[in-house]
Amino acid sequence: MILDGKKLAGDIETELSRRVAAIKEKSGGKTPILATILVGDDPASATYVRMKQNACRRVGMGSDAVELDKDTTTEQLLAVIDQLNRNEEVHGILLQHPVPAQIDERECFDRIALAKDVDGVTCLGFGRMAMGERAFGSATPAGIMTLLRHYEIPLSGKHAVVVGRSPILGKPMAQMLLNADCTVTICHSRTRGLPDLIRQADVVVGAVGRPEFIKGEWIKDGAVVVDAGYHPGGVGDIELSAVSERASAWTPVPGGVGPMTISTLITQTVEAAEAYYGVG
Ligand code: NAP
């Protein structure tokens with residue numbers, strides 16, 4: 001089974017357009033607004049931000065683009081975030097990762113008000129999610145969970161192996177799978193015997209950032225394969241061509257996890273606006 005993130009994200013956008021229209025109607029014409037902050041001139045980051053703004057437009061939401069110079073300091077970025085936190089027209093804040101090295105990214109993420117943390121990047125949001133309290137999930141792993149739920153992939157009691165432990169992907173992914181009653185193994189660059197650990201996995205999540213790093217032969221027949229990676233040439237972090245025939249379900253690259261990340265971001269912005277205006 002192909003876990004078609006592109007199709008599901010499209011269906012979700014249709015539903016979001018209806019919810020945005022309902023917000024407009026009940027709030028006297030207000031539109032949910034996502035503020036995007038792009039620091040520096042990394043072309044890939046600029047593309048990601050543009051894709052997120054386009055998604056906002058498709059569902060009738062607004063986006064407020066803040067672009068800052070590559071020499072921006074932590075203090076300057078914190079001041080921008082403070083301003084957006086106070087701005088009542090802004091419902092969600094996206095600080096595009098990564099920011100230039102001189103900036104304390106963690107401090108800046110954590111300055112985002114919890115109610116506007118629609119990309120799920122704050123420590124407070126992560127902690128609440130981990131404890132099973134209400135919080136916006138980190139967009140990529142939350143999008144993966146939405147995809148797995150949509151295709152009714154059984155998770156309870158399954159052994160999930162997550163390769164990668166980054167704050168925005170691997171760590172929250174592992175925690176969400178744990179919350180879904182998986183037994184979770186988290187692997188990283190110091191892990192020993194990675195192929196053997198992956199061979200035990202009922203569910204494999206590749207979040208490594210290296211093209212086709214996880215080999216098809218490491219993955220057991222019938223596993224669920226989720227590839228968060230995307231690299232030039234249209235390959236992910238997993239050697240998908242070698243597993244697509246043997247996996248019980250798998251995410252294509254592109255068209256699997258990527259669209260679900262953006263879908264989650266805009267869904268959570270709509271939820272934030274609904275909460276603000278008391279709609280829904
Ligand atoms: P990251 O911050 O670079 O983290 C990579 C992780 O992989 C780290 O935890 C690292 O371990 C681990 N790793 C590196 N080499 C390894 C090795 N030899 N064996 C086992 N683990 C190893 O990357 P990220 O931001 O989490 O992104 C991961 C992938 O997801 C990338 O391909 C990225 O493009 C993709 N991504 C996609 C989306 C989307 O919307 N589709 C969003 C975000 C990211 P250490 O912690 O020990 O260094």
Side-chain angles (χ1 to χ4, degrees), residues 3-6 8-9 12 34 36 38 42-55 94-101 103 105-106 109 118-121 126 136-148 160-177 184-201 204-215 218-219 225-240 250-269:
L3 304 174
D4 189 342
K6 192 168 177 212
L8 178 57
I12 291 172
L34 173 70
T36 61
L38 175 64
D42 175 50
S45 292
T47 302
Y48 290 135
V49 168
R50 213 168 28 248
M51 287 165 76
K52 291 165 185 177
Q53 291 164 343
N54 289 343
L94 164 87
L95 170 57
Q96 183 63 41
H97 162 87
V99 293
I103 293 176
E105 185 178 75
R106 175 46 48 205
F109 276 159
V118 292
D119 203 27
V121 294
F126 177 89
F136 294 125
S138 179
T140 302
I144 290 170
M145 294 306 288
T146 301
L147 193 58
L148 295 175
V161 175
V162 179
V163 190
R165 58 171 169 179
S166 73
I168 60 158
L169 218 175
K171 253 178 217 166
M173 182 80 261
Q175 189 59 54
M176 288 176 195
L177 289 166
V184 183
T185 300
I186 309 172
C187 302
H188 47 81
S189 64
R190 311 291 169 87
T191 295
R192 294 182 191 165
L194 185 65
D196 286 337
L197 290 166
I198 292 176
R199 281 190 185 100
Q200 298 170 29
V204 183
V205 180
V208 196
R210 293 185 181 199
E212 299 197 326
F213 172 76
I214 297 170
K215 302 299 169 206
W218 301 352
I219 293 172
V225 178
V226 176
D227 192 340
Y230 180 70
H231 305 280
V235 296
D237 290 352
I238 303 179
E239 200 187 6
L240 286 175
W250 59 284
T251 58
V253 175
V257 172
M260 293 308 299
T261 299
I262 296 180
S263 172
T264 303
L265 174 72
I266 59 172
T267 298
Q268 295 189 149
T269 307

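Counting convention: from 1, in listed order, for ligands and their atoms alike. Numbers for residues simply follow the sequence, beginning at 1. In this text, all values refer to a predicted model and were calculated from it rather than measured experimentally.
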Atoms of ligand 1, numbered as shown, that sit under 4.0 Å from any heavy atom of [X]:
X      : value
Leu169 : 26 (O), 27 (O), 28 (C), 30 (O), 36 (N), 43 (C), 44 (C)
His231 : 32 (O)
Gly229 : 32 (O), 35 (C)
Phe213 : 17 (C), 18 (N), 19 (N)
Gly258 : 41 (N)
Gly209 : 28 (C), 29 (C), 31 (C), 32 (O)

[X] touching ligand 1 at heavy-atom level, < 4.0 angstrom:
X      : value
Gly170 : no
Tyr48  : no
Arg210 : yes

### Message
Tell me whether Lys215 at atom NZ has more than 12 heavy atoms from other residues, nucleotides or ligands lying less than 6.0 Å away.
### Response
yes
### Query
Among all residues two or more places apart in sequence or in another chain, which pass the side-chain hydrogen bond (donor to acceptor under 3.5 Å, both in side chains) test with Thr191?
none
### Query
Between the candidates Cys187, Ala207, Ala44, which shows the shortest non-hydrogen contact distance to atom 28 (C) of ligand 1?
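Shortest heavy-atom distance from atom 28 (C) of ligand 1: Ala207.
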Considering heavy atoms of the protein only, find what lies nearest to [atom] and give residue, atom and distance to 0.1 Å.
atom                    : answer
atom 37 (C) of ligand 1 : Ala228 O, 3.0 Å
atom 12 (C) of ligand 1 : Gly164 CA, 4.1 Å
atom 40 (O) of ligand 1 : Thr261 OG1, 2.8 Å

### Task
May I have the step-by-step check of side-chain contact (heavy atoms from CB on, under 4.5 Å) for Ile144 and Thr251, ending in yes or no?
CA-CA 9 Å; Ile144 290 170; Thr251 58; over 6 Å; no
### Task
Would you check, one step at a time, whether the test side-chain contact (heavy atoms from CB on, under 4.5 Å) holds for Thr140 with Val257?
CA-CA 7 Å; Thr140 302; Val257 172; 3.7 Å; yes
### Task
With heavy atoms only and a cut-off of under 4.0 Å, state how Asp237 meets ligand 1: side chain, backbone, both or neither.
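Side chain only; the backbone of Asp237 stays clear of ligand 1.
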### Message
Heavy-atom distances under 4.0 Å decide this one: backbone, side chain, both or neither, for Val208 against ligand 1?
### Response
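Contact part for Val208 vs ligand 1: both backbone and side chain.
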### Message
Please determine whether side-chain contact (heavy atoms from CB on, under 4.5 Å) holds for the pair Ile219 and Ile238, giving the CA-CA distance in whole Å, both sets of side-chain angles, and the decisive distance to 0.1 Å.
### Response
CA-CA 10 Å; Ile219 293 172; Ile238 303 179; 3.8 Å; yes
### Message
Between ligand 1 and Arg165, is the shortest N or O to N or O distance under 3.5 Å?
### Response
yes
### Task
Would you check whether Ser189 has a nitrogen or oxygen atom less than 3.5 angstrom from a nitrogen or oxygen atom of ligand 1?
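Indeed, backbone or side chain, Ser189 has an N or O that close.
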Which atom pair, heavy atoms only, marks the closest approach of [X] to [Y]?
X      : Y      : value
Gly236 : Val253 : N-CG1, 3.8 Å
Val99  : Glu105 : N-OE2, 3.3 Å
Ser45  : Leu38  : CB-CD1, 3.7 Å

### Task
Would you give the length of the straight line joining atom CD of Gln96 to atom CG of Asp119, rounded to the nearest 0.5 angstrom?
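If I round to the nearest 0.5 Å, the distance is 7.5 Å.
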### Task
Please round to the nearest 0.5 Å and tell me the distance separating atom CD1 of Ile198 and atom OG1 of Thr185.
10.5 Å
